[in-house]
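Let me begin by presenting the structure, written as structure tokens, before commenting on it.
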Protein chains: 2
Amino acid sequence: MATGRTHRPATRSRGIPEATVARLPLYLRALTALSERSVPTVSSEELAAAAGVNSAKLRKDFSYLGSYGTRGVGYDVEYLVYQISRELGLTQDWPVVIVGIGNLGAALANYGGFASRGFRVAALIDADPAMAGKPVAGISVQHTDELEKIIEDNGVSIGVIATPAGAAQQVCERLVAAGVTSILNFAPTVLSVPDGVDVRKVDLSIELQILAFHEQRKAGEEAAAADGVLPPAAAKQQRKGPDGDVPAVMPA
Amino acid sequence: MATGRTHRPATRSRGIPEATVARLPLYLRALTALSERSVPTVSSEELAAAAGVNSAKLRKDFSYLGSYGTRGVGYDVEYLVYQISRELGLTQDWPVVIVGIGNLGAALANYGGFASRGFRVAALIDADPAMAGKPVAGISVQHTDELEKIIEDNGVSIGVIATPAGAAQQVCERLVAAGVTSILNFAPTVLSVPDGVDVRKVDLSIELQILAFHEQRKAGEEAAAADGVLPPAAAKQQRKGPDGDVPAVMPA
DNA sequence: TTGTGTGAATGCCTTCACAGCT
DNA sequence: AGCTGTGAAGGCATTCACACAA
């Protein structure tokens, strides 16, 4: 994941496993593309390829939704689009507020895929008084003072936090107090929220670090491969550092 | 979450489980904060709370790295910072290119947490000739024509794609051909890459859809709770749609 | 014959609970 | 006495492989 939940234990939601829920948007995107090309039906094999998963997983995923699909034929594209949309709750409109209209907040406000699928930017909110009134993506930025009123007036239940890390927890608390129960957090902080509130986080820095880990590992493998075979023993023989390099000094 | 690998099967990397790798940056961030406050040692309980995980998981994670930590005392903050940094490959410098300098690309370029942890923005690349030469985050944007040269001259192995969806696959192929082996993809597309190349994706739209799913579910629960008890039977009795509402008509 | 739907097997991750250091 | 390190247990998720429907 690039991503993770925070609260709510591993309770399967209405019988649909969390891992499956996380893939439904992927299938939906692939199906939408097929729909636009007026493709009437698709097999699990084809759709899986388009979504970047394997077909067994896709079929198992769909089996949690019900028995859509025709044996020997495949799935009806339009029908599946509708079923998945409904399952994800995209047949209704979700008003969303974005808090923190810096570079990132502006990018999110301008993001097209937003409006396309059931989400509507209800308001842009920033703490800087100088931002108030300025139009971003065609929407006038409002000051943080208005936060509670905006949430309540628009019945907003999903909030996006794109503030600096320092402000995130406080913003989060105000959002929750005003009635928001789902938060997408772009600030590099762990948010603490009461039970019943969902938090998902998107963290550039974490993703890069995970890539760096694998990148480093690739480099190490190359070196080992150049040496010949990688030493089969020599691992797991000494504690304190699984590698050979145990630095005697502490770094600054 | 919100995120996912693409290639490379579930092979545990050098014995460290993928799930653990994904949490190391979280621990590192919490430890860095402690370090800045000059806290000398920390227990698994405290650190876990700061990182938003439970302590058993944290201890198990650390056990894959080695036996750092002192029983009855806890972990030495500075030492752990170093060990995790080394494990993640952050003791070396990773030059990174960002392709696609729109709103999002600019936001990424300006992101501070970038430079702080071993990553260095080597170049900003955009296909728009009008962007070429313009400074973003203190770096002059270069044209896509220069892509291969930039990658090779700087020894870049990590690329960030922040282009529109339509351009992503092509950019990806050029990056890979030029020597990039890790890609962070912000474009809402499934990238296909050769073996040995890691892709992680960050997708706003998917995250929102997952939140919407749970949000919808909360609303449903409330309704059921208001009615009294949720009907225990009535589920799993009829195929074709796990719900009661089987629409006879297909939506547009 | 083709391709879905799904029990069964497998493997990974998390959680438990406690032995063993300091 | 306190807290780490880790076998063992339990729970999810993925994959396999095939019965069954069209």
Side-chain angles (χ1 to χ4, degrees), chain A residues 1 4-24 26-27 40-49 51-77 79-80 83 236 238-242, chain B residues 1 4-24 26-27 40-49 51-77 79-80 83 236 238-242:
Chain A
M1 189 191 182
R5 330 261 326 293
T6 291
H7 115 93
R8 189 181 294 263
T11 325
R12 288 207 322 212
S13 316
R14 211 267 228 83
I16 302 183
E18 192 56 35
T20 295
V21 171
R23 280 187 295 267
L24 291 181
L26 231 56
Y27 302 142
T41 60
V42 67
S43 71
S44 64
E45 202 73 53
E46 294 164 334
L47 184 54
V53 304
N54 72 50
S55 62
K57 196 186 286 184
L58 178 142
R59 286 200 304 278
K60 179 66 89 177
D61 282 344
F62 284 180
S63 78
Y64 293 114
L65 306 186
S67 243
Y68 316 132
T70 309
R71 295 180 193 222
V73 178
Y75 300 93
D76 181 292
V77 171
Y79 189 57
L80 250 192
Q83 289 300 343
K236 192 98 183 182
Q238 107 179 328
R239 274 342 305 190
K240 284 284 179 190
Chain B
M1 141 146 52
R5 328 262 326 293
T6 292
H7 115 93
R8 187 182 297 263
T11 326
R12 289 208 322 211
S13 319
R14 211 265 229 82
I16 302 183
E18 192 57 34
T20 295
V21 171
R23 281 188 295 268
L24 291 181
L26 230 57
Y27 303 143
T41 61
V42 67
S43 71
S44 64
E45 202 72 53
E46 293 163 335
L47 184 53
V53 303
N54 74 49
S55 62
K57 196 185 285 183
L58 178 142
R59 287 200 303 277
K60 177 68 86 180
D61 283 342
F62 284 179
S63 78
Y64 293 114
L65 305 186
S67 243
Y68 315 133
T70 309
R71 295 178 194 223
V73 178
Y75 300 93
D76 182 293
V77 171
Y79 189 55
L80 249 194
Q83 289 299 343
K236 191 99 182 181
Q238 115 180 320
R239 271 347 300 193
K240 284 282 179 193

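Reminder, nothing fancy here: chain letters follow the sequence lines and each chain counts from 1.
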Q: Choose from C:dC13, D:dG5, D:dA13 the nucleotide whose nearest atom is closest to any side-chain atom of A:P17.
A: D:dA13

Q: Return the minimal non-hydrogen interatomic distance between B:Q83 and B:Y68, and the atom names on each side.
A: OE1-OH, 3.2 Å

Q: Look at A:K57 and D:dA13 and indicate whether a side-chain polar atom (N or O) is within less than 4.0 Å of OP1 or OP2.
A: no

Q: Could you tell me which non-hydrogen atom of B:G15 sits nearest to which non-hydrogen atom of B:Y64, and how far apart they are?
A: O-CD2, 3.9 Å

Within the sub-3.5 Å range, which N or O atoms of nucleotides 20-22 of chain D have a protein N or O partner, and how far apart are they?
{"residue": "D:dC20", "atom": "O2", "partner": "A:R71", "partner atom": "NH1", "Å": "3.0"}
{"residue": "D:dA22", "atom": "O4'", "partner": "A:R71", "partner atom": "O", "Å": "3.4"}

Q: Can you tell me the distance, in whole Å, between the NZ atom of B:K60 and the C1' atom of D:dC3?
A: 16 Å

Q: Take A:F62 and A:L80 through the side-chain contact (heavy atoms from CB on, under 4.5 Å) test and state the conclusion after the steps.
A: CA-CA 9 Å; A:F62 284 180; A:L80 250 192; 3.3 Å; yes

Q.
Nearest whole Å is fine: how far is D:dT6 P from B:L65 CG?
A. 11 Å

Q | Heavy-atom side-chain contact between A:R23 and A:V53 under 4.5 Å | A | yes

Q: Not counting sequence neighbours, which residues clear side chain to side chain contact (heavy atoms under 4.5 Å, CB included) with A:S44? List them please.
A: A:S55, A:L58, A:R59, A:Y75

Q: Take atom CG of B:D61 and atom P of C:dC13, then tell me their distance rounded to the nearest Å.
A: 10 Å

Q. Which of the following nucleotides, D:dA8, C:dA17, D:dA17, is nearest to the side chain of A:R59?
A. D:dA17

Q: List the atom of A:I16, the atom of A:V21, and the distance in Å for their closest heavy-atom pair.
A: CG2-CG2, 3.6 Å

Q | Length of the CG-P vector between B:L80 and D:dT4, whole Å | A | 11 Å

Q: To the nearest Å, give me how far apart CG (A:L58) and P (C:dT4) are.
A: 8 Å

Q.
In whole Å, I'd like the distance from the CG atom of B:D76 to the C1' atom of C:dT22.
A. 15 Å

Q: Check whether any side-chain N or O of A:R23 sits under 4.0 Å from OP1 or OP2 of D:dT14, and answer yes or no.
A: yes

Q: Measure from CD on A:E45 to P on D:dA17 and round the result to the nearest Å.
A: 15 Å

Q.
Just N and O in the side chain of B:N54: are any of them under 4.0 Å from OP1 or OP2 of C:dT14?
A. no

Q: Starting from P on C:dG11, measure out to CD on B:E18 and report it in whole angstrom.
A: 18 Å

(Q) At 4.0 Å (heavy atoms only), tell me whether B:Y75 reaches a base, stays on the sugar-phosphate, or touches nothing. (A) sugar-phosphate

Q.
At less than 4.0 Å, is any side-chain N or O atom of A:S44 found next to OP1 or OP2 of C:dT4? Yes or no.
A. yes

(Q) So, using side chain to side chain contact (heavy atoms under 4.5 Å, CB included) as the criterion, who are the partners of A:A49 when residues are at least two apart? (A) none

Q) Out of D:dT15, C:dT14, C:dC18, which has the shortest distance to the side chain of B:Y64? A) C:dT14

